[in-house]
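Data block below; observations after.
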There are 2 protein chains.
Amino acid sequence: MTCSINYAPRLRAQGLRVTPQRNAILHVLHHSGGHLSPTQVYERARQEFPSLTEPTVYRTLEDLAEKKLLLAAHVGNGKIVYELAETQHHHLICHKCGNTVEVDHAPLELLYHQFESSTGYKLDSSHVTFFGLCPDCQS
Amino acid sequence: MTCSINYAPRLRAQGLRVTPQRNAILHVLHHSGGHLSPTQVYERARQEFPSLTEPTVYRTLEDLAEKKLLLAAHVGNGKIVYELAETQHHHLICHKCGNTVEVDHAPLELLYHQFESSTGYKLDSSHVTFFGLCPDCQS
DNA sequence: TTCCTTATTGCAACTTCTTACAATAGTAGA
DNA sequence: TCTACTATTGTAAGAAGTTGCAATAAGGAA
């Protein structure tokens with residue numbers, strides 16, 4: 001926790017209290033660069049905040065995702081990973097080598113509107129993951 | 001298990017052996033009409049085939065989904081539900097009342113092509129779920 | 001600063017899901 | 001029908017994720 005990023009304003013902006021547990025979790029996600037499973041978050045964040053417990057990690061990840069500070073992404077078979085919500089994007093996953101690429105959310109906006117007008121729902125979020133073969137695994 | 005639907009041909013077509021466990025699971029999913037969680041499948045299928053075990057249910061659901069006899073859908077927070085793969089579709093879920101509607105897969109084909117040409121991936125499946133407010137919960 | 005309210009956390013017990021490996025039972029071929 | 005092969009299942013143990021409730025501590029008000 002030697003870095004100077006301050007997550008407090010973002011938490012407060014969502015009406016959430018600022019706690020060392022939440023800071024540790026956000027810090028870990030920030031420095032991981034990518035997607036982490038709840039277990040990975042738990043293990044890493046415990047290095048910085050040893051009294052952290054599993055239920056807290058799961059609840060925090062859910063809460064922060066609900067408040068849009070984090071994005072939750074599904075990566076096959078019900079597994080869920082989290083990352084800081086910088087830009088909204090989705091994932092293509094190669095089910096042979098596991099390689100992942102990110103794709104922009106923008107093309108999905110059209111679908112949103114389409115489904116909104118056909119169903120009357122007002123959509124605000126989505127879990128979208130595509131599976132297939134990456135270029136390297138196609139041969 | 002008084003119904004006469006025979007799942008054997010579909011299993012054999014996928015190179016899978018026909019076992020009473022698989023029949024019981026398919027039977028349960030057929031008669032449920034909708035989406036069931038692994039636990040629900042386990043509990044109901046056990047009525048018909050009491051020696052059925054949990055690991056078998058989880059493995060069977062995964063296997064059948066991989067062979068496209070079942071569809072796996074995500075319904076919030078990493079929860080996964082299964083249903084018979086009749087028509088390919090996706091779900092809009094109201095996060096207030098939990099109500100669910102199904103939407104056709106066709107509009108997503110365009111996206112498939114778009115992402116395929118921008119990434120070089122060859123896509124074959126997806127997990128897609130949209131969240132929002134249903135018409136009743138918008139007021 | 002101190003008090004008060006209540007969001008957040010930890011604890012303990014529990015449920016759900018997974019894994020490795022040995023036992024069982026489909027199914028193709030003789 | 002019988003045999004052999006091996007996919008599938010059960011067992012047992014463990015890992016991952018959840019829940020209810022009591023204890024704690026963040027943040028607003030005095």
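Any value given below was found using the heavy atoms of this structure, including those in side chains, with hydrogens, waters and symmetry copies removed. Chain identifiers are assigned alphabetically (A, B, ...) following the order of the sequence lines, protein sequences preceding nucleic acid strands; residue numbering begins at 1 within each chain.
For C/dG10, its base sits under 3.5 Å from the side chain of A/Arg59 at one donor and acceptor pair at least.
Contact annotation: A/Lys79 reaches the phosphate of C/dT18 (side-chain N/O to OP1 or OP2, under 4.0 Å). Checking the phosphate oxygens (OP1, OP2) of D/dG10, a side-chain nitrogen or oxygen of B/Gln21 falls inside 4.0 Å. For the pair A/Thr56 and C/dT9, the criterion of a side-chain N or O lying under 4.0 Å from OP1 or OP2 is not met.
Between the side chains of B/His89 and B/Glu83, a donor-acceptor pair is found at a separation under 3.5 Å.
Mapping B/Arg12 and B/Ser37 onto DNA chain C by nearest heavy atom places B/Ser37 closer to the 5' end of the strand. Residues B/Glu54 and A/Arg17 both approach DNA chain C. Their nearest nucleotides, taken by heavy-atom distance, put A/Arg17 toward the 5′ side.
Protein atom CG of A/Asn23 is 16 Å distant from nucleotide atom P of D/dA25, rounded to whole Å. The CD atom of A/Glu62 sits 17 Å away from the P atom of D/dA16 (whole-angstrom rounding). One atom, CD1 of B/Ile80, and another, P of C/dT15, lie 22 Å apart when rounded to the nearest Å. To the nearest angstrom, C1' of C/dC17 lies 17 Å from CG of B/Leu36. With rounding to whole Å, A/Phe49 atom CZ is found 14 Å from D/dT24 atom P. Separating the CG atom of A/Asp63 from the C1' atom of D/dT18 is a distance of 14 Å, rounded to the nearest angstrom. The nearest whole Å value for the distance from the CD atom in B/Glu66 to the C1' atom in D/dT8 is 15 Å. Remark: P of D/dA7 and CD of B/Gln14 are 16 Å apart, rounded to the nearest angstrom.
The side chain of B/Tyr58 lies closest to C/dT16, out of C/dT16, D/dA26, D/dG27. The A/Thr19 side chain lies nearest to C/dT9 when the options are C/dT19, C/dT9, D/dA16. Residue B/Leu16 places its side chain closer to D/dT8 than to any other of D/dA16, C/dC21, D/dT8. Comparing D/dG17, C/dC11, C/dT27 by their closest approach to the side chain of A/Pro55 singles out C/dC11. The listed nucleotides are C/dC17, D/dG20, C/dA20; the one nearest the side chain of B/Pro38 is C/dC17.
Side-chain N or O atoms of A/His31 include one that pairs as donor or acceptor with a backbone N or O of A/His27 at under 3.5 Å. Using a distance-only test at 3.5 Å, with no hydrogens or angles considered, a donor-acceptor pair links the side chain of B/Gln138 to the main chain of A/Gly120.
As judged by a 4.0 angstrom heavy-atom cut-off over every strand, B/Arg22 is placed among residues touching the sugar-phosphate backbone only. Backbone-only contact: B/Thr60 has heavy atoms under 4.0 Å from sugar-phosphate atoms and none from a base. In this structure, A/Ser51 reaches the sugar-phosphate backbone alone: every heavy-atom distance under 4.0 Å involves primed, P, OP1 or OP2 atoms, never a base.
Using a 4.5 Å cut-off on side-chain heavy atoms (C-beta onward), B/Lys79 and B/His74 make no contact.
Between B/His127 and A/Phe131, the ring center distance clears the sub-6.0 Å criterion. If you look at A/Tyr112 and B/Phe130, their ring centroids are closer than 6.0 Å.
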